[in-house]
Amino acid sequence: MVLMETLFSQGLLGTPEGLAISGLVGLAFGFWLERAGFGSSRRLTDIFYFRDFAVFQVMFTAVVTASAGLFGLSALGLVDIDSIYRMETFLWPQIAGGAVLGAGFVVGGWCPGTAFVGLASGKLDALVFLLGVGGGILAYSGFHTDLVEFNASGDRGLSTLPDLLGLSPGITVGAVAAVALVCFKAISVFMKSRSAAEPQA
Amino acid sequence: MSIETTLEPPVRRGPLDEDVPGAERVWNPYLVGVGLGLTLLTSFVVLGAGLGASGSVARGSAWLAHLFAPEAVEGNAYLGPWFSAGSPLRYYLVFMGLGTFAGGLTSAWAANRIRPGVERGPRASILLRLVLALLGGLAAGFASRVAAGCTSGQALTGGALFLTGSWAFFLAFFGGAFLLAWFVRKEWS
């Protein structure tokens, strides 16, 4: 059986075809984000006040779906994981950057992807947020040389959870799916108890 | 419709656009999660790369800055290399970003959810909301370069690839957001 080559593995991501397909993938990405209601910063931040868990539900379901599909296709010999771009782990910048991005998410009400959808929904605050993101990136470029060392700290190379835990990819998919189902059940129980306890506004 | 969300309308933050007469309700989060996951899977298998959003803002802002200060941008250690092979906009994430906007616009239009305005909690002024949106954006933009990705490129994409650093990012992201949530509760509630 012939393994599928990706545009990335063939060096074709920057070709007109690669750019066009990226645009189509983006089209679907934006559609789903909007369908979830993520064109609303209040819905996005609701999770941090325990009012709505759609952000977690959508993200975790997507991670389980995509990883099950990918490692399934890989097990069938249809896809070579090595033909997909996988970022190496630099633990400290990823933890620090993640925490600040999370803070920026609840303060600003958006992350970059959802802000595109918010802007498309007419939200002026999404436009202001995106101007801030651009400004933050340009500000970073002024400190880049000072941060090169930190950004390379906690280098673990290409590190994956299956390697780390000593599990096969298939077992890892199952374990992540099981954790997701437990979380979804807990969310369901919590939302039922909350809507029973509080009158509708 | 069976695919509509079954959750009760959340309390104490005013109605969302989807609660306004004429707008469709949003879809069930698990259905959307499967759709988004299949989109991510397609991206992996066809492009050989996952989803990303901050990369397009990075390229766009570098392009914009270049209009005003070409020498400074080309001489910059971080932005300069993007100009060595022509336009920094000729990059797959730029087109993915444009597609994301177009996809959001199509969906919002079809569901009658386009509502021009400043979205905020019932107790927050427009000025407060916009100042915090700018500050949050600045922090997110800077951090996206340190972490080499945002919620799309790190949490979603790296998460599905089971990358250790992306799962660390995912946990830190929710940790940082929950820590700050109390301080900005007036913005949203």
Side-chain angles (χ1 to χ4, degrees), chain A residues 6 8 13 19 22-23 25-28 30-32 34-37 48 51 54 57-58 61-63 65-67 69 85 89 93-95 97-104 106-108 111-113 116-117 120-122 124-125 128-129 132-134 136-137 140-141 144 159-161 195 201, chain B residues 8 10-11 26-27 29 32-37 39-41 43 48-49 53-54 57-58 61 78-79 92 95-96 99-101 103-105 107-108 114 116 118-119 130 133-134 136-143 145-147 150-152 159-160 162 164-165 169 172-173 176-177 180-181 188:
Chain A
T6 65
F8 164 73
L13 264 186
L19 299 178
S22 300
V25 169
L27 204 65
F31 173 85
W32 288 116
E34 207 287 328
R35 285 289 124 171
F48 305 113
R51 291 191 283 244
Q57 291 165 311
V58 169
T61 306
V63 163
T65 304
S67 59
Y85 171 63
T89 288
Q94 283 179 298
I95 288 173
V100 175
L101 254 160
V106 74
V107 172
C111 57
F116 287 146
V117 175
S121 306
L124 186 61
D125 46 298
V128 171
F129 179 86
V133 172
I137 289 169
Y140 168 84
S141 74
H144 177 67
S159 168
T160 66
L161 291 186
S195 64
Chain B
E8 296 295 324
V11 293
V26 300
W27 284 0
V32 174
V34 170
L36 184 57
T39 302
L40 180 55
L41 179 61
S43 191
S54 56
V57 186
S61 53
Y78 188 68
L79 309 173
Y92 79 104
F95 286 76
M96 193 178 284
T100 307
F101 176 82
L105 185 64
S107 173
I114 298 178
V118 176
E119 195 182 8
L130 292 183
L134 185 66
L138 283 167
F142 195 99
R145 297 306 87 196
V146 174
C150 59
T151 331
S152 321
F162 293 149
T164 306
F169 172 98
F173 180 87
L180 259 286
W188 304 115

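So you know, we letter chains A, B, ... as the sequences are listed, proteins then strands, and number each from 1. Since we're looking at a predicted model, the values are computed, not measured.
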Considering all heavy atoms of both residues, which atom of Val106(A) and which atom of Trp188(B) are nearest to each other, and what is their separation? O-NE1, 2.9 Å
Residue from Leu105(B), Leu36(B), Leu130(B) scoring the most non-hydrogen pairs under 4.5 Å with chain A is Leu36(B)
Is there a side-chain contact between Tyr92(B) and Val25(A), using heavy atoms and a 4.5 Å cut-off? no
Determine the minimum heavy-atom distance between Thr89(A) and Gly165(B), stating which atoms define it. OG1-N, 2.8 Å
Test your reading of the model: is there a side-chain donor-acceptor pair from Arg35(A) to the backbone of Ser107(B), 3.5 Å cut-off? yes
So which heavy atom on Cys111(A) is nearest to which on Thr151(B), and how close? CB-OG1, 3.1 Å
Which atom pair, heavy atoms only, marks the closest approach of Asp125(A) to Glu119(B)? OD1-N, 2.9 Å
Shortest non-hydrogen contact from Ser61(B) to Ile137(A)? OG-CG2, 4.1 Å
Heavy-atom pair count under 4.5 Å with chain A, highest-scoring of Gly35(B), Ala58(B), Ser54(B), Gly159(B): Gly35(B)
Compare all side-chain heavy atoms of Val146(B) with those of Val100(A) and state whether any distance is below 4.5 angstrom. no
In Å, rounded to the nearest 0.5 Å, how long is the span from OG1 of Thr160(A) to CZ of Phe162(B)? 9.0 Å
For the interface with chain B, which of Ala28(A), Gly113(A), Ala66(A), Gly69(A) has the highest count of heavy-atom pairs at distances below 4.5 Å? Ala66(A)
With a 4.5 Å cut-off on heavy-atom pairs, point out which of Val32(B), Leu180(B), Leu41(B) contacts chain A the most. Val32(B)
Should Thr61(A) and Pro29(B) count as side-chain neighbours, where that means a heavy-atom distance under 4.5 Å? no
Evaluate the ring planes of Tyr140(A) and Phe142(B), with Trp represented by its six-membered ring, and classify them as parallel (under 30°), tilted (30 to 60°) or perpendicular (over 60°). perpendicular
In terms of heavy-atom pairs under 4.5 Å with chain A, the winner among Thr164(B), Ile114(B), Val57(B) is Thr164(B)
Approximate separation, where rounding is to 0.5 Å, of Phe101(B) CZ and Glu34(A) CD: 12.0 Å
Tell me the closest heavy-atom pair linking Gly104(B) and Ala120(A), and the distance in Å. C-CB, 3.9 Å
Under 4.5 Å, counting heavy-atom pairs only, tell me which of Ala147(B), Ala133(B), Ala108(B), Ala143(B) racks up the most with chain A. Ala133(B)
Option in Pro93(A), Gly98(A), Ser67(A) with maximal non-hydrogen atom pairs under 4.5 Å from chain B: Gly98(A)
Max heavy-atom pair count under 4.5 Å with chain B, selected residue of Gly104(A), Gly108(A), Gly37(A), Gly134(A): Gly108(A)
